[in-house]
Amino acid sequence: MLNKKTLLLSSALILGLAGCSTGGGDKTSSSSNKGDVTLNIFQGKVEFKTQFEDLAKKYEEEHPDVSIKVQTVGGGNDYAGTLKTKLASGEEPTIFTVSGQTDIDQYRDRLSDLKDTKAADLAVEGALDNVKQGDEIVGLPVNLEGYGIIYNKKIFKDAGIDPASIKSMEDLKKAAETLDSQKDKLKLDAVFALAAKEKWVQGNHAANVFVGDDFKYDPKATYEAKDVPLKNSAAFKEYIDLQNKYSAQPVINLDYSQQVEELFSTGRVAMIQQGNWVYPTVEQMDPELAEKGIGIIPIPLNGEAKMPVGVPSYYVVNKKADEKQQKAARDFLDWMYTSDTGKEAVLSEFKFIPAYEEYDSSKIADPLSKEIYKYTQDGNTTTWVFQNFPLDWSDMFGAEVQKYLAGKSSWDDLVKEMQSKWSNARK
Amino acid sequence: MKNKDVMFWVFLAPVLLALGIVIIVPLIYGVYYSFTDWDGVNEAQFIGMENYLNLFSDKDFLNSLWFTFKFSVATVIIVNLIGLGLAMLVTSYIKSKNLLRTIFFMPNLIGGLILGFIWQFVFTKVFDAIGRATGIEWMQGWLSDSTTGFWGMVILTSWQMAGYIMIIYVAYLENVPQDLLEAAEIDGANSFQRFRSITFPLVAPAFTVSLFLTLSHSFKVYDQNLALTNGGPYNSTQAVSMDIVNTAFQVNQMASAQAKAIIFFIIIAAISLTQVYINKKKEVEL
């Protein structure tokens, strides 16, 4: 009796243990199976899944010998995990996406050289920095994204602040003080909304500005650095402290949706640190505000105000696919980014900031993206290097900032901790 | 007799096969990978015990183990007390007991992720609003420090599990023979004595099952954790499962995550089996 029950219970235990697994929400959409070459595209941007499939259909119509299968797996971690599963089970997509040097190293023997594509020729300056490997170019940028301090134009005007004049931390501080003193008149809850709950806001974006400077915003140098000097740590502290002082509280619990939807879109705060990706959200909340009422300025550092503009991910062509597929894949990517039909879709359907030259910038869909594209045309930008920080260093940074804001550790501790984590990871 | 033996294995075969494919084989693979430097894509190199040795200096893993341990102790006690309490309530002579059973069981039908988001709203919005309106300090700012994060998790899990555990207790409570209780009552035993000396020992098998279920459930908690606090603030409310998933899929250290999972498996198995063994010895057969 005892034995049987124990056995039963222990098998229940084992069964239960197996119960936790992650499920991915993947859907295959296949168009008609005609044609000689099949392109399997695997990508992670759910936002433009339908638009992308529509474009693929158009391509199939123009090129009857090619059929395209698009598979989209959405949301953060699922993409990388599913891609690994696919590769491990021998199902090799023809085109997939990578971001950062770590990905490139991991998939190195699968990445083919795209140097001879038309798109690679037309890529905007700096957009290929991450994918230059020796004299090969192994990826084509999907799009550009930029971030900075997004502000509410009307509130700034009512308070008499000219956003163009904010060029240094000192200016930003003055602006915050001015806004804070008129809080009641402007119907503000607070000046900032510091989303400290989202580790990536500090760990990726803010850190890119203040830590990236240590490496002159050079992705290679960042990837190879054995140590991180954090020489801007005082400025970084000032920036975090400033936001925290004038932010809606409690900051540790403030997440992305509260920051963007509840506080910024409703005009309860004047400034948030985010990027052009907030536009659709703001538009849903208040179309008029999104269309006319928001602008973006760079995060100031050492008296300079440069917009960090980067490439979140790159399309790569799989070397393990057969020669015919690889060629078709290169043709398709070229067509998507350089033909008129493709360009049109990239701007008005995908709503991307194009990472390529020869686009009509007046057709860029939203005001934030337009401003950011202008910065790239003026060359007044810095690149994104945070993808080349040691893996999870950004996450730890976000966690350490939370600790600091909660009063559980000092800024000096944070600096020491982050330096040692960097060195450990790069040993 | 021989025929019976064959039939025994025939009936068992599908289960054994399924168990083998989805549990045993992956487990063996997992043990193998935990001794390598596998990153999920490239060929694995055998590196011996390194992954396991590194775990002892992995602060995040040790913290999450300690958090999970504390969390499990608190959850097991609270869930079983509430579960037993509810079970006694719905087996007593109150009128709406069938309706109450349904209501108490309901939270268990909602998935952990959704519950997490619902309670996140309750803690950060409702609690906060009440706290501000009445000036009660401890109700404000929930989930923004490690203490409220911890208790938030405990409250959520208890709320979800209590109804389920209640059902188990109800089944056993209803099997307690009324004549024994009546006899005791006639002999002058008060209600506490009746519970302690008759009901409690007869319900003991339910404790074995319930403790086992709550223990293993709270050790493996993941979705509630993900939805409610996502490990924050500063990773102080990160349970082991979450640490393992993050190591595997955020940092790409599949092998190291696998080593953590094996250690975790051994710990859970040891604790659960010990608990079952001890409880079993205390049960009485009617």
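By convention in this document, chain letters (A, B, ...) are assigned in the order of the sequence lines, proteins followed by strands, and residues within each chain are numbered from 1. Values below: every heavy atom of this structure, side chains too, minus hydrogens, waters and symmetry copies.
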Can you tell which part of [X] gets under 4.5 Å to a heavy atom of chain B, answering side chain, backbone, both or neither?
{"X": "Glu198(A)", "result": "neither"}
{"X": "Tyr107(A)", "result": "side chain"}
{"X": "Lys403(A)", "result": "both"}
{"X": "Arg108(A)", "result": "neither"}

Euclidean distance, Asn246(B) CG relative to Asp392(A) CG, rounded to 0.5 Å:
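It comes to 9.0 Å.
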
Output the distance between atom NZ (Lys408(A)) and atom OG (Ser146(B)), rounded to the nearest 0.5 Å.
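That separation rounds to 5.0 Å.
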
So with a 6.0 Å cut-off around [atom1] of [X], is the heavy-atom count from everything else above 12?
{"X": "Lys319(A)", "atom1": "NZ", "value": "yes"}
{"X": "Tyr164(B)", "atom1": "OH", "value": "no"}
{"X": "Lys86(A)", "atom1": "NZ", "value": "yes"}

Yes or no on side-chain hydrogen bond (donor to acceptor under 3.5 Å, both in side chains) for Asn230(B) and Lys199(A), after CA distance, side-chain angles and deciding distance?
CA-CA 11 Å; Asn230(B) 198 5; Lys199(A) 294 178 203 154; over 6 Å; no

Does Asn253(A) reach the main-chain N or O of Trp142(B) with its side chain, forming a donor-acceptor pair under 3.5 Å?
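The answer is yes, because a donor-acceptor pair under 3.5 Å joins these two groups.
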
Evaluate side-chain contact (heavy atoms from CB on, under 4.5 Å) for Tyr234(B) paired with Glu400(A), printing each intermediate quantity in order.
CA-CA 6 Å; Tyr234(B) 46 89; Glu400(A) 288 295 324; over 6 Å; no

If every non-hydrogen atom of Ser144(B) is compared with every non-hydrogen atom of Ile252(A), which pair is closest and at what distance?
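Looking at all heavy atoms of both residues, the shortest contact is O-CG2, 3.6 Å.
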
Under 4.5 Å heavy-atom distance to chain A, tell me which part of Gln120(B) shows up: side chain, backbone, both or neither.
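It is the side chain, since no backbone atom gets that close.
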
Decide yes or no for Lys125(B) and Gln258(A): does some side-chain heavy atom of the first lie under 4.5 Å from some side-chain heavy atom of the second?
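Yes; the side chains approach each other to less than 4.5 Å.
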
